[in-house]
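The structure under discussion appears below in the form of structure tokens.
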Amino acid sequence: IQLSSTDKTVSLCPLNMAAAPEQTPLCIFGTGDLGFSLGRRLLQSGYRVVYGSRRPHSCGPLPPGTQVMSHGAAAQSANLVFICIHRENYGFLETLLPELRGKVLVDVSNNLKKNQYPEANAEYLQRLVPGAHVVKGFNTLSAWALQNGPSDANRQVYLCGNSAEAKQTVAETATKLGFTVLDRGSLSAARELEDFPLQLFPEWRMPLRLAVGLTAFFFFYLLIRDVIYAYVEQQKDISFRIMVSLANKVFPIVSLIMLSLCYLPGVIAALLQLYRGTKYKRFPDWLDRWMLCRKQLGLVALAFASLHVLYTLLIPIRYYVRYKVAASTISQIKENRTSEFDTAIAWRTDSYYSVGILGFGLYLLLGITSLPSVSNALSWREFSFIQSKLGYVTLLFCTLHTYLYGWNKFLRPSTYKWYTPPGYMLSLIVPTVVLVVKLLLLLPCVDRTLTRIRQGWERTDPEDGCEKSLLA
Amino acid sequence: IQLSSTDKTVSLCPLNMAAAPEQTPLCIFGTGDLGFSLGRRLLQSGYRVVYGSRRPHSCGPLPPGTQVMSHGAAAQSANLVFICIHRENYGFLETLLPELRGKVLVDVSNNLKKNQYPEANAEYLQRLVPGAHVVKGFNTLSAWALQNGPSDANRQVYLCGNSAEAKQTVAETATKLGFTVLDRGSLSAARELEDFPLQLFPEWRMPLRLAVGLTAFFFFYLLIRDVIYAYVEQQKDISFRIMVSLANKVFPIVSLIMLSLCYLPGVIAALLQLYRGTKYKRFPDWLDRWMLCRKQLGLVALAFASLHVLYTLLIPIRYYVRYKVAASTISQIKENRTSEFDTAIAWRTDSYYSVGILGFGLYLLLGITSLPSVSNALSWREFSFIQSKLGYVTLLFCTLHTYLYGWNKFLRPSTYKWYTPPGYMLSLIVPTVVLVVKLLLLLPCVDRTLTRIRQGWERTDPEDGCEKSLLA
Amino acid sequence: IQLSSTDKTVSLCPLNMAAAPEQTPLCIFGTGDLGFSLGRRLLQSGYRVVYGSRRPHSCGPLPPGTQVMSHGAAAQSANLVFICIHRENYGFLETLLPELRGKVLVDVSNNLKKNQYPEANAEYLQRLVPGAHVVKGFNTLSAWALQNGPSDANRQVYLCGNSAEAKQTVAETATKLGFTVLDRGSLSAARELEDFPLQLFPEWRMPLRLAVGLTAFFFFYLLIRDVIYAYVEQQKDISFRIMVSLANKVFPIVSLIMLSLCYLPGVIAALLQLYRGTKYKRFPDWLDRWMLCRKQLGLVALAFASLHVLYTLLIPIRYYVRYKVAASTISQIKENRTSEFDTAIAWRTDSYYSVGILGFGLYLLLGITSLPSVSNALSWREFSFIQSKLGYVTLLFCTLHTYLYGWNKFLRPSTYKWYTPPGYMLSLIVPTVVLVVKLLLLLPCVDRTLTRIRQGWERTDPEDGCEKSLLA
């Protein structure tokens with residue numbers, strides 16, 4: 001679509017390609033789903049397409065407007081051949097060595113699992129057909145993306161290959177199909193490209209493992225403190241509480257800890273920069289990795305917070321709660337006591353609920369702005385305002401919510417059954433540390449130094465800071 | 001923006017277009033919203049723009065930097081003319097036949113409804129100005145998209161026309177504006193392109209109709225079983241229950257059925273492939289259409305599930321519920337009975353709630369990953385993991401939630417008023433079938449055969465499977 | 001990636017750029033985050049990259065495959081120099097005047113706040129190095145976007161500069177990196193481009209201010225009517241109600257008013273067009289600005305509605321509510337009264353809840369369709385169907401919800417404490433006006449006239465309407 005011989009002036013004088021009515025076709029080996037989709041897309045972008053098939057006369061449906069030939073004939077008619085065949089069936093290509101000599105072969109294949117074969121498919125193909133120029137590419141796209149054209153995240157095509165010319169030819173075709181091309185170097189990068197579509201949420205692994213670990217720990221901790229304690233000390237079976245009451249204690253605890261773990265690495269990084277007096281030393285690897293999965297940490301925390309909200313709103317429907325409320329009313333009447341309305345309790349519980357709801361609202365806002373299409377629409381300053389300033393406010397609200405829940409129980413000895421603190425007290429440790437350190441970092445004198453360091457100033461060696469003070 | 005005479009080496013030696021200071025302008029007939037937006041966008045991309053107007057001296061605001069002339073003069077100065085005029089006013093173009101001879105006319109018009117005219121606007125234009133090369137295109141874009149540049153889904157421009165050269169010229173301009181061009185063939189495709197912007201959720205029609213049908217059926221079914229039964233047999237008027245109680249029975253029933261209908265076609269397709277022993281036979285049309293609207297089915301089901309959640313959480317606020325709870329407490333006191341706390345009921349109801357909440361959480365996750373920007377960011381393997389594996393787990397949780405709700409009522413004769421089963425029992429049929437068949441498909445022996453078939457293996461004719469075993 | 005000398009026929013005959021193995025490199029001054037990211041991205045797109053540094057032998061990590069030289073040597077080897085240095089350090093460029101003569105300098109710098117310096121960074125650079133061609137650009141991209149390639153909203157690069165050739169050269173590079181280029185004219189536009197990344201939600205400012213204003217007004221209004229009234233007239237301290245009860249009155253009021261303010265400008269615009277009899281007169285500025293922030297108004301309204309839903313569902317958990325319910329049950333028993341179940345109240349309250357939930361469901365739907373990736377996937381007709389038709393239905397439901405809440409209190413004098421109406425009555429004014437006027441506009445005779453006006457017909461001057469009836 002992007003053409004060459006014309007400049008900004010729109011001319012209808014013979015364009016060289018439009019004037020060449022019979023352009024060289026592209027060839028596709030393989031008439032499966034991927035071959036079909038690729039062919040249709042190439043046709044739509046104005047290319048001529050020839051399929052190579054072992055059974056040219058009975059090879060299933062093909063896009064209208066394409067031709068089918070034997071492999072050899074198809075290869076000879078084109079300069080560029082897309083190999084849309086499973087690696088197991090590459091063998092027959094050895095019989096086509098003369099026809100494929102000097103041609104560009106695009107290996108679009110993927111495997112079913114990592115390390116399925118000792119060498120990458122594209123390297124194996126190059127070994128089979130040494131006279132051709134093999135380029136690995138297009139394999140990260142689905143048949144769907146190929147047929148319907150590129151969309152947001154599926155716009156990038158990765159290429160690698162040993163021949164720069166061959167890569168250039170494939171890159172042009174990809175660009176005409178509307179994709180953005182990224183060159184990944186020589187054919188030795190093929191394995192990496194082939195492993196890419198087999199990834200399963202690599203950046204979610206650590207946050208999910210952490211969530212599972214924390215959930216398991218607090219589940220057993222609270223099981224012992226609540227259910228087993230009641231059974232041992234009071235001979236009461238309250239195991240039915242596991243399903244809702246216990247779950248509704250574990251979820252908010254894990255959520256608060258994980259939310260604070262989103263902000264802890266930022267605080268550690270600031271302390272490191274202050275200590276070192278420069279921003280030009282690399283952070284330790286674990287800190288880098290931690291900072292890269294903050295978004296995932298936050299979203300898992302949001303999922304747990306949402307569960308907490310649903311479990312909490314469900315409370316008054318529960319059989320257990322209804323039974324307890326009725327029993328308390330009945331006992332009040334029978335004993336003829338009148339419990340007084342306590343304004344202090346009303347203030348405290350209502351504040352506790354209100355702060356919790358507002359915290360959850362901000363939490364949701366953080367989650368919505370981390371949707372790719374929303375965060376892309378924000379300027380860098382807007383994104384950092386939301387994710388950092390609003391993020392700390394959210395953490396503050398959620399921590400306050402937990403403190404209000406505890407209220408005066410922190411000092412009551414009966415709270416500490418078997419000398420263990422309740423779960424929510426444990427969950428307050430990390431967020432409190434993060435908030436206190438953040439507050440210290442916001443002190444004018446500390447903040448000023450930190451800002452100067454982040455703009456490139458260095459403590460030890462201020463006179464030649466010119467070169468280093470590049471754009472942050 | 002994309003230029004020709006330079007290669008990768010950045011040169012400042014005279015570029016041919018930069019050196020040609022007075023490039024040929026593009027012409028726009030019509031100064032309405034679309035003409036205005038198109039002109040501004042062309043200007044921003046570096047084109048010169050000339051407007052043709054019947055009243056060049058009083059034609060409303062135009063983008064600064066453009067010229068206005070009479071239609072004839074404007075047409076003569078350009079090779080490419082965008083016709084941004086309503087079809088009803090095409091008539092005057094007949095008076096410009098000499099000026100328009102050999103020019104490329106881009107018909108960007110749309111109609112207000114389908115089949116408004118016997119022939120497509122672009123074909124009518126070609127008949128009026130036979131000496132020009134008419135290209136249909138840009139009509140699927142809004143004035144908004146034209147002015148602000150292409151964004152995600154609005155990136156594609158569809159073109160059709162009888163002259164390949166003319167299409168090429170328009171395609172270049174579209175590409176310079178940042179759009180991806182899809183060639184839809186000759187001018188006879190114009191009607192299809194003109195109908196495209198008039199579409200109103202075509203892929204949502206079937207799921208919505210199904211939802212309305214199921215809702216109506218279950219509404220009347222439950223109305224008869226609950227309200228009319230109570231009125232006939234017990235002379236009680238409980239019609240007020242229609243607004244919340246009845247609604248909260250209908251919504252989860254419809255939601256569960258529609259969720260299971262998302263997964264039924266996949267199961268049917270697997271059975272068909274197993275039966276036929278090949279994946280190369282096309283599925284029946286109804287199955288294809290069904291599979292294409294699974295996403296919409298699932299999202300409608302999610303909407304109904306969300307309503308169910310809101311209606312359920314609302315229960316304890318209702319006047320009716322509060323009255324009943326108070327009445328039960330009062331009657332307990334008056335009759336001096338004490339109802340015993342039943343741990344079994346607590347376990348069952350809490351499990352029922354907990355499974356429901358977790359199922360809804362997974363449901364929401366499925367919904368979020370089907371947002372375009374999120375699903376685009378997933379690799380194919382990640383997307384299929386979420387939509388298939390997590391989808392079945394969601395269906396399992398929601399089905400279990402409903403079974404726990406029924407519990408021991410399945411065998412109690414009093415449940416079957418007027419010999420009809422309760423609504424939720426009817427809603428369990430499809431999901432149970434889907435889950436059982438899916439379980440059978442996961443048996444190692446069945447799963448192995450199915451995997452081989454999906455990799456291209458064919459039962460009947462295994463020895464020449466090479467050609468067929470293309471990439472899935 | 002986009003190349004020139006080839007047309008649609010894929011050729012492997014010597015491409016001029018591939019044949020020129022040692023292409024001219026691009027130069028980057030500055031080895032900070034932005035320089036690093038830009039260099040890596042240029043490399044990936046196939047460019048050669050040379051860094052200029054004051055300390056070429058100790059300048060921190062650089063992308064593998066690049067060279068580092070002194071500033072002078074680097075500048076001499078390239079035609080295009082990216083200046084990735086803070087403005088404060090531009091001074092040393094004056095020493096490189098001979099090396100930079102005739103080169104294109106791309107100023108990618110940003111400032112920390114608006115109007116930090118009397119002249120734009122790019123204009124200052126041009127003054128320092130008068131012999132070079134300065135182009136401002138790339139500054140709206142983050143280092144992240146540069147390194148990872150363009151994504152949805154970050155696809156556009158704005159350029160400005162005095163030399164058309166220099167801009168063209170930079171534009172080509174940007175296009176090869178996958179960005180869409182918008183030309184913003186001469187270097188005097190540089191300040192505007194430099195201010196762009198410093199924007200902080202400009203289009204959200206008005207809606208947020210309005211929300212804060214309305215919230216404050218209704219908070220104090222209800223504080224006086226509820227808390228202070230009870231204290232003054234009945235000597236009761238009910239100040240604890242501020243946290244939840246009062247908040248849950250303010251949120252729905254503000255939400256309803258803001259939702260109706262989304263639809264008021266559309267109604268005013270229609271009335272204006274009917275009155276003027278033409279659509280070709282510009283709307284007053286305040287109306288234009290108002291219409292441009294409707295989406296933000298609606299989303300803020302949705303946030304308040306969501307808070308209202310959470311606060312409402314929380315009601316039965318509150319200590320105050322539980323106390324009140326128990327007290328009412330106890331007093332019924334002590335006084336031996338039996339309150340009768342009132343079907344009318346059950347109908348009314350259940351309808352009120354049901355309409356509210358359905359209204360909130362539609363509200364959420366509106367919110368979801370305004371996510372960038374969802375609204376981009378809709379055709380123009382679909383988007384307008386949802387945002388206008390469904391929007392009015394949402395407003396109708398929410399208004400009805402409020403009327404059902406008021407029910408028969410509108411005529412009861414005791415409602416008007418201190419002669420002031422309750423807050424929800426005030427909130428009904430704007431939505432009622434909008435709905436009534438909209439209903440009038442839908443009357444067939446009015447609707448027909450309005451449709452004709454919107455298609456370009458003008459009342460005063462019907463005979464020469466041809467030119468004006470352009471595409472709407």
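Chain identifiers are assigned alphabetically (A, B, ...) following the order of the sequence lines, protein sequences preceding nucleic acid strands; residue numbering begins at 1 within each chain. Since this is a predicted model, take the numbers as computed values, not measurements.
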- Message: Given heavy-atom pairs under 4.5 angstrom as the criterion, report whether the side chain, backbone, both or neither of A:Tyr320 touches chain B.
- Response: both
- Message: Nearest 0.5 Å, please: how far is OG1 in B:Thr343 from NZ in A:Lys236?
- Response: 11.0 Å
- What part of A:Ile330 lies closer than 4.5 angstrom to a heavy atom of chain B: side chain, backbone, both or neither? both
- Message: For B:Leu313, which atoms come within 4.5 Å of any heavy atom of chain A: side chain, backbone, both, or neither?
- Response: both
- Choice from A:Leu371, A:Leu43, A:Leu314 maximising heavy atom contacts with chain B below 4.5 Å: A:Leu314
- Task: Between chain A and each of B:Ala78, B:Gly185, B:Ser351, count heavy-atom pairs under 4.5 Å; write down the option with the most.
- Result: B:Ser351
- Can you say whether A:Lys324 sits under 4.5 Å from chain B via the side chain, the backbone, both, or neither, judging by heavy atoms? neither
- Task: Side chain from CB out, backbone as N, CA, C, O: work out which of these in B:Ser163 comes under 4.5 Å of a heavy atom of chain A, or both, or neither.
- Result: neither
- Message: Taking side chain as everything from C-beta outward and backbone as N, CA, C, O, which of these in B:Glu382 sits under 4.5 Å from a heavy atom of chain A? Side chain, backbone, both or neither.
- Response: both
- B:Phe341, CZ: over 12 other non-hydrogen atoms inside 6.0 angstrom: yes
- Task: Could you tell me whether the side chain of B:Ile315 reaches within less than 4.5 Å of the side chain of B:Asn248, counting heavy atoms only?
- Result: yes
- Item | B:Phe383, part contacting chain A, at a heavy-atom distance under 4.5 Å | neither
- Using a cut-off of 6.0 Å, state whether more than 12 heavy atoms not belonging to A:Lys334 lie near its atom NZ. yes
- Contact part of B:Ile386 toward chain A, heavy-atom cut-off under 4.5 Å: side chain, backbone, both or neither? side chain
- Message: Around atom CZ of A:Arg205, are there more than 12 heavy atoms from other residues, nucleotides or ligands closer than 6.0 Å?
- Response: yes
- Does a donor on one side chain sit under 3.5 Å from an acceptor on the other, for A:Asn121 and A:Ser109? yes
- Can any side-chain N or O of A:Asn110 pair as donor or acceptor with the backbone N or O of A:Asn139 at less than 3.5 Å? yes
- Task: Using the six-membered ring wherever Trp is involved, compare the ring planes of A:Tyr323 and A:Tyr319 and label them parallel, tilted or perpendicular (cut-offs 30° and 60°).
- Result: tilted
- Residue that, paired with A:Ile317, satisfies side-chain contact (heavy atoms from CB on, under 4.5 Å) out of B:Thr349, B:Val321, B:Thr312: B:Thr312
- Item | Region of B:Arg348 in contact with chain A, defined by heavy-atom distances below 4.5 Å | neither
- Pick whichever of B:Asp342, B:Val374, B:Val309 has the most heavy-atom pairs under 4.5 Å with chain A. B:Asp342
- Message: Less than 4.5 Å to any heavy atom of chain B: does that hold for the side chain of A:Ser239, its backbone, both, or neither?
- Response: both
